[in-house]
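Model, not experiment: these values are computed from the prediction. Chain letters run A, B, ... following the sequence lines, proteins first and then strands; every chain starts at 1.
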There are 2 protein chains.
Amino acid sequence: MVNRQAAARQAGPGSEARPRGRGRPRSFDRETALEKAILAFWEHGYEGTSVSDLTEVMGIGAPSLYAAFGDKRSLFAEVVTAYGTRYGSFSDRALTEERTARAAVARMLREAAAEYTEPGRPHGCLVVHAATNCTTPEVEDSLRERRNANVAAIESRIKAGVAAGELPADVDTAALARHTGAVIQGMSQQARDGATKEQLEAVAELAMRVWPCP
Amino acid sequence: MVNRQAAARQAGPGSEARPRGRGRPRSFDRETALEKAILAFWEHGYEGTSVSDLTEVMGIGAPSLYAAFGDKRSLFAEVVTAYGTRYGSFSDRALTEERTARAAVARMLREAAAEYTEPGRPHGCLVVHAATNCTTPEVEDSLRERRNANVAAIESRIKAGVAAGELPADVDTAALARHTGAVIQGMSQQARDGATKEQLEAVAELAMRVWPCP
DNA sequence: TTTTTTCTGTAACGGCCATTAGGGAAATAT
DNA sequence: ATATTTCCCTAATGGCCGTTACAGAAAAAA
C-alpha cells in the first residue's frame with residue numbers, strides 16, 4: 001500500500017548517513033518531518049503538542065516517529081538543536097561577525113525584531129516559549145540553560161569589547177548583558193502578543209540608548 | 001467525620017456575602033483555598049496544574065472545589081483577578097501615585113525587580129507565564145489581553161506626562177511604553193531563570209536610561 | 001526466485017485528565 | 001426532637017495522553 005508520497009528514498013540531506021541498510025527504506029524524508037515538528041513545537045510548546053499532533057503534521061504514523069526520532073523528549077531535543085541552527089543562528093552571527101560589541105548587540109536586537117515577526121511561521125522564539133510551565137522539569141531546564149547561556153555569550157562579547165577599549169573599563173558588563181537578554185525575551189513575548197516588526201524595531205532602537213555614548 | 005480543620009465557618013473576608021444559608025456551611029475557608037490556588041497556578045501554569053494538584057494544595061475534595069469555584073477555567077479566572085489585586089497592584093499604584101511619568105515607570109520597574117524575586121513564593125509574574133502555550137485558546141488570550149492592557153496603561157500614563165509638559169512633545173509614547181512592557185516581561189523571565197533582585201534592579205536602572213534627560 | 005531485513009498501519013495498553021453521580025454526614029431551622 | 005438544606009467523600013465516567021505489540025507489506029540482498 002502506498003498512500004503517502006514515496007519520495008526522497010535516500011534519507012534527506014543532513015541526516016546521519018546510515019550505511020545504506022538492507023531492509024525497506026523509510027518512506028518519508030526525515031528532515032522534512034523534523035521541520036514540521038519544529039514548527040509544531042514552536043507554535044504550541046512541548047506539552048501543548050501531542051504525539052498525535054506530531055504524527056499528523058509530520059505525515060507519519062506513531063511507530064515511524066518513534067523508530068526515527070525516539071520518544072517525544074528526544075524528538076524535542078533534536079528539534080531544539082535544529083531550531084538553533086535553522087532559525088536561531090542570527091544571534092551568534094551578530095555576536096561574532098560585527099566589529100564592535102555595540103554593533104553586535106544592536107544588530108542582534110534589530111534582527112530579532114525581524115525574526116520574531118517573520119510571516120508564515122510562529123512568532124517569537126522557541127527557546128523562550130516552548131517549555132514554560134513544563135510538567136517535565138528536565139525539558140524546562142534544558143531551555144532555561146540555553147537562555148542563560150545566551151546571556152552569558154552576550155556578556156562575553158561585551159567583555160571583549162571592554163578589553164578592546166571600545167567601552168569604558170568600569171562598565172557593568174553583567175548588567176548590560178542581562179538587560180540585553182531581558183529586552184530580547186521581552187521582544188519575543190511582545191511578538192507573540194501581536195507586536196509588529198516595526199514596533200519591535202522601535203523597541204530595539206530604544207534599548208540601545210542604554211549604552212555609553214559611542 | 002471531621003478530618004480537616006473546621007475553622008472559619010463564616011465564609012472568610014472578601015467572599016461574596018451569601019445570605020447566611022440554612023444548610024451545612026462549608027468546612028474550609030474560601031479565601032485561604034483561593035490563595036493556595038493562586039500559588040499553584042502561579043508556579044506551574046494553567047495546564048501544568050491539574051485539578052488533582054489543586055485539591056491537594058487547597059486541602060479539599062474535587063466536588064467541593066467545583067461547588068465553590070465552578071470548573072477549572074472559572075477558578076483560574078478568579079485566581080487571575082485575585083492575583084492582580086493581591087500581588088500585581090504595584091504596577092497600577094506606581095502609575096497613579098507618582099508625580100511624573102518618568103518616576104512612575106522607574107518605580108514600576110524597581111518594584112517589579114523586588115516583586116518578581118520575593119522569597120517564599122513563585123518568581124516572575126503569573127500574567128506573563130501562567131498561560132503560555134495553552135491548549136485552551138481562551139485562557140491564553142485572557143492573559144494576553146491583560147498584558148496588552150498593561151502596556152496600554154503605561155502608554156496612557158506617558159501621554160499624560162507629555163501633556164503635562166514633563167516630556168518633549170515629539171517623544172514616541174507608544175515605543176516608550178512597549179519598551180517598558182518588554183523590559184518588565186523580560187525581567188519576569190529572568191526572575192524565573194534565576195536572576196536575583198539586585199540583578200533585576202540593575203536591569204531596571206539601565207532601562208531608565210532610554211528616557212529623555214530629566 | 002527466495003530470503004532477509006526493515007518499515008508501516010492497526011489497535012491496543014495503562015495512566016492521568018477534568019468532571020460528576022450518588023449516598024451519607026453535618027449543621028441549621030423549626 | 002424532626003425536617004430541611006447543604007456539604008463532603010467515594011468512586012466512577014469518557015477522553016486524551018505517550019507508548020508499544022503485532023502482523024503484514026515493501027524493498028533490498030541472495
Report the distance from atom [atom1] of [X] to atom [atom2] of [N], rounded to the nearest whole Å.
X        : N       : atom1 : atom2 : value
Ile60(A) : dG9(C)  : CD1   : P     : 9 Å
Leu54(B) : dT19(C) : CG    : C1'   : 13 Å
Arg73(A) : dG18(D) : CZ    : P     : 13 Å
Arg24(A) : dA23(D) : CZ    : P     : 18 Å
Asp71(A) : dC13(C) : CG    : C1'   : 17 Å
Glu56(A) : dG18(D) : CD    : P     : 13 Å
Leu65(A) : dT19(D) : CG    : P     : 9 Å
Arg30(A) : dT6(C)  : CZ    : P     : 17 Å

Note to self: Check the orientation of Tyr116(A) and Phe90(A). Use parallel for under 30°, tilted for 30 to 60°, and perpendicular for over 60°.
What the structure shows: perpendicular
Next item on the list: Check whether any side-chain nitrogen or oxygen of Ser64(A) sits under 4.0 Å from OP1 or OP2 of dC7(C), and answer yes or no.
Entry: no
Item checked: Side-chain N,O (Tyr66(B)) to OP1/OP2 (dT20(C)) below 4.0 Å -> no
Note to self: Within the 4.0 Å heavy-atom criterion, would you say Thr135(B) contacts the bases, only the backbone, or no part of the nucleic acid?
What the structure shows: nothing
Next item on the list: Just call it for Thr136(A): base, sugar-phosphate, or nothing, with non-hydrogen atoms closer than 4.0 Å on any strand.
Entry: nothing
Notebook entry, point to check: Does a sphere of radius 6.0 Å around CD in Glu205(A) hold more than 12 heavy atoms from other residues, nucleotides or ligands, not counting ones at 6.0 Å or beyond?
Noted result: no
[Y] and [X] side chains, donor-acceptor separation under 3.5 Å:
X         : Y         : result
Ser50(B)  : Asp53(B)  : yes
Gln190(B) : Arg178(A) : yes
Thr132(B) : Glu140(B) : no

Of all the choices, [options], which nucleotide is nearest to the side chain of [X] once you look at every atom?
X        : options                   : value
Pro63(B) : dT20(C), dA18(C), dA27(D) : dT20(C)
Phe28(B) : dA21(D), dG18(D), dC8(D)  : dC8(D)
Pro25(B) : dA27(C), dC8(D), dG18(D)  : dA27(C)

Next item on the list: Take Lys72(B) and Ala62(A), find for each the nucleotide of DNA chain C with the closest heavy atom, and name the residue whose nucleotide sits nearer the 5' end.
Entry: Ala62(A)
